[in-house]
Amino acid sequence: MAEGLSREIALVVNPSAGGGRAARALPAVQARLQALGCRVETAATRDLAHARALAGDAARAGRVVVTLGGDGIVGCVAGALRDVPGAVLGVLPGGRGNDFARVVGIPLDAEAACEVIAHGVPRPIDLGATDDRTFIGIASVGFDSDANRIANEAPGRLGRLVYVYGALRALAAWKPATFVVEVDGERLEFTGWSVAAANSKAYGGGMLLAPHASLEDGAFDVVMIGRTSKLYCLRMLPKVFKGTHVRDPSVRILRGSELSVRADRPFVVYADGDPIGELPMTLRVLPGALRVLLPRPPSTGQQGAEPRDGRTRWA
């Protein structure tokens, strides 16, 4: 992959993302990418199916597909690109949560993030997938289903606080559910709050649900939160932003490349902030399925703690 001067960009924009944040950022983003030497074609999406079609066509034409929106469009477009040989994805944050950008070190200001589009390094990352949907971050179900639904219906002016708002609103009506989970053949049943397949560390605008998850280890961190009182859960919520909730005895984490989950009542599974289907569901990791433009690692001149497989741990 050459430097920014030779990059042909297909900029796929979700104009409604972040309560209009992406649309407002678009003129400055276009100007900055052009100043950095990129050739840019811009298309606004009507819906996720339209975004997939735009991305697939652009990737097959040899252009770098860059999303400007939230994590939902990132996961959607990733699914369209994963089967296109040589495809590369770039990410400009324009949503409310922007957790993928936060985890991999892409600037949260879209104009500043253009530097990564022009000069970043394409690195392979894992994706999560169901039979017909792909996601890049965390898929979760249970209490998270209710919280996500409420957050998606909330006013855009709440910004990233919308996810905390959704959780607090969902808490009032929540009743524990019983889940049957199978991780790489290991089966367990428990009653509690939620099950999550974490391909990445964070969701909900900076909540570190799975602080040790990696985008390049070929496995989910499967996070299960068992039964507690509502007051106990409320007290634990701030810990999720630091990732220290994983020390709590109500939290159990398994690692595996495949997760199957069902429950004693209907639930919608959400991933990257969007609904992806209903239970029962099986989710799988697709190792190294897509190359994404990420910030260049700092040149320290020192050998640091390199992983044994020789890969740089981006996340």
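Note that the coordinates shown come from a computational prediction; the quantities given were computed from them, not determined experimentally. Sequential numbering from 1 along the given sequence is applied to the chain's residues.
For Lys242, the NZ atom sits in a loose shell: 12 or fewer heavy atoms of surrounding residues, nucleotides or ligands are nearer than 6.0 Å. When the shell of 6.0 Å around CZ of Arg247 is examined, it contains 12 or fewer heavy atoms from other residues, nucleotides or ligands.
Side chain of Asp126 to backbone of Asn199: no donor-acceptor contact under 3.5 angstrom is found. Between the side chain of Asp99 and the backbone N or O of Gly206 there is at least one donor-acceptor pair closer than 3.5 Å. With hydrogens and angles disregarded, a donor-acceptor distance shorter than 3.5 Å links the side chain of Arg102 to the backbone of Gly97. For Thr130 (side chain) and Leu283 (main-chain N/O), no donor-acceptor pair under 3.5 Å exists by modelled atom type. Put simply, the side chain of Asn98 gets close to the backbone of Gly95: a donor and an acceptor are under 3.5 Å apart. With hydrogens and angles ignored, the 3.5 Å screen pairs no side-chain donor or acceptor of Asp144 with any backbone N or O of Ser140. Remark: the backbone N or O of Ile117 is paired with a side-chain donor or acceptor of Arg7 at under 3.5 angstrom. One N or O on the side chain of Lys201 and one on the backbone of Ala213 form a donor-acceptor pair closer than 3.5 Å. A donor-acceptor contact shorter than 3.5 Å links the side chain of Arg296 to the backbone of His119.
Here the side chains of Leu68 and Val12 are not in contact, with every heavy-atom distance at 4.5 Å or above. Taking the side chain as every heavy atom from C-beta outward, Pro93 and Ile106 approach each other to under 4.5 Å. Val77 is not listed as a side-chain neighbour of Leu54, based on a closest heavy-atom distance of 4.5 Å or more. Using a 4.5 Å heavy-atom cutoff, the side chains of Val222 and Ile253 are not in contact. Here the side chains of Val246 and Pro211 are in contact, with some heavy-atom distance below 4.5 Å. With a 4.5 Å cut-off on side-chain heavy atoms, Ile276 and Met281 count as touching. Proximity of Thr67 to Leu89: side-chain heavy atoms (C-beta onward) are separated by under 4.5 Å at one or more points. Between Asp217 and Arg255, some side-chain heavy-atom pair lies under the 4.5 Å cut-off.
In the hydrophobic clustering of this structure, Val251 groups with Phe241; members are Ile, Leu, Val, Met, Phe, Trp, Tyr whose side-chain heavy atoms approach within less than 4.5 Å, directly or through other members. The hydrophobic clustering, which links ILVMFWY residues whose side-chain heavy atoms are closer than 4.5 Å, places Leu48 and Leu81 apart. Under the 4.5 Å side-chain heavy-atom criterion for ILVMFWY residues, a single connected hydrophobic cluster contains both Val66 and Val88. Both Val183 and Leu188 are members of a single hydrophobic cluster when ILVMFWY side chains are connected at heavy-atom separations under 4.5 Å. Linking ILVMFWY residues whenever their side-chain heavy atoms come closer than 4.5 Å, directly or via other members, leaves Val104 and Leu208 in distinct clusters.
Atoms CG and CG, on Leu259 and Leu254 in that order, are 9.5 Å from each other to the nearest 0.5 Å. Asp248 contributes atom CG, which lies 10.0 Å from atom SG of Cys233 (distance to the nearest 0.5 angstrom). With rounding to the nearest 0.5 Å, the separation of CZ in Arg52 from CD1 in Ile73 is 10.5 Å. Between the CZ atom in Arg82 and the CG atom in Leu290 there is a gap of 10.0 Å [rounded to 0.5 Å]. Rounding to the nearest 0.5 Å gives a distance of 10.0 Å between CD1 of Ile125 and OG of Ser214. A distance of 10.0 Å separates CD of Gln34 from SG of Cys114, quoted to the nearest 0.5 Å.
Glu8 and Arg39 are joined by a salt bridge, as a carboxylate oxygen and a charged side-chain nitrogen come within less than 4.0 angstrom of each other. Checked for salt-bridge contact, Asp146 and Arg169 miss the test: no charged N lies under 4.0 Å from a carboxylate O. The pair Glu258-Arg284 counts as a salt bridge, with a side-chain nitrogen and a carboxylate oxygen less than 4.0 angstrom apart. Ion pairing between a basic and an acidic side chain is recognised when a charged N comes within 4.0 Å of a carboxylate O; Arg32 and Glu115 show such pairing. A salt bridge is absent between Arg24 and Glu111; no separation between the charged side-chain nitrogens and carboxylate oxygens falls under 4.0 Å.
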Salt bridge (charged side-chain N to carboxylate O under 4.0 Å, His left out) assessment of Glu186 paired with Arg252: CA-CA 14 Å; Glu186 180 180 349; Arg252 181 173 182 181; 3.6 Å; yes
Audit row: Ile225, Phe143, side-chain contact (heavy atoms from CB on, under 4.5 Å) steps and yes/no: CA-CA 10 Å; Ile225 301 180; Phe143 175 76; over 6 Å; no
side-chain contact (heavy atoms from CB on, under 4.5 Å) assessment of Glu41 paired with Ile9: CA-CA 6 Å; Glu41 291 185 11; Ile9 303 297; over 6 Å; no
Derivation and outcome, side-chain contact (heavy atoms from CB on, under 4.5 Å), residues Val261 and Val180: CA-CA 6 Å; Val261 58; Val180 179; over 6 Å; no
Stepwise side-chain hydrogen bond (donor to acceptor under 3.5 Å, both in side chains) test for Asn14 and Ser16: CA-CA 6 Å; Asn14 177 3; Ser16 64; 2.9 Å; yes
Residues Thr42, Leu26; criterion side-chain contact (heavy atoms from CB on, under 4.5 Å); working and verdict: CA-CA 9 Å; Thr42 303; Leu26 180 58; 4.1 Å; yes
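Thr282 approaches Ser260 most closely through the heavy-atom pair OG1-OG, 2.9 Å. The two residues Asp47 and His50 make their nearest non-hydrogen contact at OD1-N, 2.8 Å. Here the shortest heavy-atom pairing between Gly256 and Val285 reads O-CG2, 4.3 Å. Of all heavy-atom pairs spanning Val29 and Ala110, the tightest one is CG2-CB, 3.8 Å. Nearest heavy atom pair, residue Ala112 against residue Pro107, reads CB-CB, 3.9 Å. Scanning all heavy atoms of the two residues, the minimum distance from Pro176 to Arg227 falls at CG-NE, 3.7 Å.
Grouping Ile, Leu, Val, Met, Phe, Trp and Tyr by side-chain contacts under 4.5 Å, direct or through others, puts Tyr270 with Val268.
Side-chain contact of Tyr203 with Asp71: a donor-acceptor pair under 3.5 Å is absent, judged by distance alone. Residues Thr178 and Glu189 bring no donor and acceptor atom of their side chains to less than 3.5 Å of each other. Between Ser250 and Thr228, the side chains place no donor N or O within less than 3.5 Å of an acceptor N or O (distance only, hydrogens not considered).
Just one residue in the list Val195, Leu209, Ile138 forms a side chain to side chain contact (heavy atoms under 4.5 Å, CB included) with Val223, and that residue is Leu209.
Evaluation of the ring-ring contact (aromatic ring centres under 6.0 Å, His included) rule for Phe190 yields Phe179 as partners, not counting sequence neighbours.
In this structure, Trp174 and Trp193 have parallel ring planes: the angle between them is below the 30° cut-off, well short of the 60° mark.
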